[in-house]
There are 2 protein chains.
Amino acid sequence: MAVRRKLSGPCTAWPEDSAFIREVLDRIGDKWTVLVISTLASGPLRYSDLHASVPGISQRMLTVTVKELERDGLVTRTAYPEVPPRVVYELTELGQSLREAVLALAGWAAGHHEAVAAHRAQHVLTGVGRAAAAGPR
Amino acid sequence: MAVRRKLSGPCTAWPEDSAFIREVLDRIGDKWTVLVISTLASGPLRYSDLHASVPGISQRMLTVTVKELERDGLVTRTAYPEVPPRVVYELTELGQSLREAVLALAGWAAGHHEAVAAHRAQHVLTGVGRAAAAGPR
DNA sequence: CAGAATCCCCACGGATACTG
DNA sequence: CAGTATCCGTGGGGATTCTG
């Protein structure tokens with residue numbers, strides 16, 4: 001990697017990377033998908049447990065998220081026709097592989113978020129964005 | 001990795017992974033950030049060229065995105081005080097490292113999007129979502 | 001040329017109520 | 001218990017206009 005692509009022509013478009021990037025970003029870029037996947041990584045969970053294990057998620061979003069994940073083959077949904085309904089969600093191999101990929105991203109954040117935070121703070125102190133002590137409004 | 005964490009207690013929250021995941025997702029989860037980074041990976045570009053190289057992006061979003069990237073130390077902004085203003089944006093080492101991490105994700109998509117598409121199609125055929133031939137509206 | 005400012009639409013997602 | 005249905009606020013982001 002890092003082939004140091006010679007910046008030759010204008011190149012108005014990228015190879016095909018961007019398409020894949022958008023694809024995966026559309027999948028995990030939302031607010032809850034990766035959280036649900038991460039939670040399911042510990043093992044199968046039923047709806048209510050999953051709901052309790054993802055603090056802050058609404059029933060609606062849990063349902064929507066889990067439904068999309070099932071549609072894409074990232075999780076499996078198993079419903080037991082019992083008196084109190086019981087539905088168990090489990091990560092598939094595919095879902096597991098996605099989680100690993102996402103963890104790599106988390107690894108980047110873990111290794112660089114300090115640098116980002118430092119640079120952000122410095123940026124504020126430097127007053128690049130606004131004139132120093134600019135009045136409100 | 002993948003230490004097969006024993007799913008013992010209720011564990012209402014995850015270790016610290018989720019925090020990092022959210023952090024990096026808040027950064028690259030939007031519509032244009034990774035596209036801009038990918039474009040800048042080929043080499044420094046001035047505003048207009050960058051705008052032309054990212055098809056579909058508006059001036060507003062280009063400005064906003066590039067500003068955030070600069071604030072976080074992922075790109076540098078260099079303005080030349082000339083008659084027609086010239087501003088050049090360049091990826092920093094930090095930005096480059098993030099791009100590499102994102103490329104890993106793209107790699108996942110490249111290797112599995114077929115499986116996802118297949119499963120999605122199968123899901124439609126099975127008619128899991130709706131009754132077959134449901135009328136429009 | 002490189003933005004800053006303004007207006008506005010609509011999709012994402014939260015809260016709540018109802019059902020099998 | 002495991003959803004489904006509905007209403008509705010917020011803000012991400014597009015189009016357009018103005019400025020240094």
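Numbered from 1 within each chain, the chains take letters A, B, ... in sequence-line order.
- Closest to the side chain of A:Tyr47, out of C:dG3, D:dG3, D:dC1, is D:dG3.
- Looking at B:Leu35 and B:Ile57, their side chains never come closer than 4.5 Å, going by heavy atoms from C-beta outward.
- Distance A:Asp49 CG to D:dG3 C1': 15 Å, rounded to the nearest Å.
- Across all strands, A:Thr63 comes closer than 4.0 Å to base atoms (heavy-atom distances).
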Hey, what are the protein-to-nucleotides 14-17 of chain C N/O distances that come in under 3.5 Å?
unit_1	atom_1	unit_2	atom_2	d
C:dG14	OP1	A:Lys31	NZ	3.1
C:dG14	OP1	A:Trp32	NE1	3.3
C:dG14	OP2	A:Trp32	NE1	3.3
C:dG14	O6	A:Arg60	NE	3.3

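- Connection of A:Leu94 to A:Val36 is established within a shared hydrophobic cluster, with ILVMFWY side chains joined at heavy-atom distances below 4.5 Å, either directly or through further cluster members.
- Sorted by first and then second residue, the ring-ring contact (aromatic ring centres under 6.0 Å, His included) pairs with a member in residues 67-117 of chain B read A:Phe20-B:His113, B:Trp108-B:His112; sequence neighbours excluded.
- Taking the side chain as every heavy atom from C-beta outward, A:Val34 and B:Leu25 approach each other to under 4.5 Å.
- For residues 35-72 of chain A, the set of pairs meeting the ring-ring contact (aromatic ring centres under 6.0 Å, His included) definition, not counting sequence neighbours, is empty.
- Terminal axes of the helix from C:dC1-D:dG20 to C:dG20-D:dC1 (five pairs each, C1' rotation axis) are separated by 40°, to the nearest 10°.
- For B:Asp30 and D:dG14, the CG to C1' distance is 15 Å, given to the nearest whole Å.
- A chain of hydrophobic side-chain contacts below 4.5 Å, direct or via other Ile, Leu, Val, Met, Phe, Trp or Tyr residues, connects B:Leu62 to B:Val87.
- The shortest distance between side-chain heavy atoms of A:Val102 and A:Ile37 does not fall below 4.5 Å.
- In this structure, A:Leu69 and A:Leu40 have side chains that are not in contact, with every pair of non-hydrogen atoms separated by 4.5 Å or more.
- The stretch residues 79-89 of chain A comes close to DNA chain D through A:Pro85, A:Arg86, A:Val87, A:Tyr89, each having a heavy atom under 4.0 Å from the strand.
- Surrounding CD of B:Glu82 are more than 12 heavy atoms belonging to other residues, nucleotides or ligands, all under 6.0 Å away.
- Atoms NE2 (A:His51) and P (D:dT4) sit 14 Å apart, rounded to a whole Å.
- For the pair B:Lys67 and C:dG3, the criterion of a side-chain N or O lying under 4.0 Å from OP1 or OP2 is not met.
- Here the side chains of B:Ile28 and B:Leu98 are in contact, with some heavy-atom distance below 4.5 Å.
- Not counting sequence neighbours, the partners of A:Arg27 by the salt bridge (Lys or Arg N to Asp or Glu O under 4.0 Å) test are A:Glu68, A:Asp72.
- Atom-to-atom, CG of A:Leu62 to P of C:dG13 comes out at 13 Å; the value is rounded to the nearest Å.
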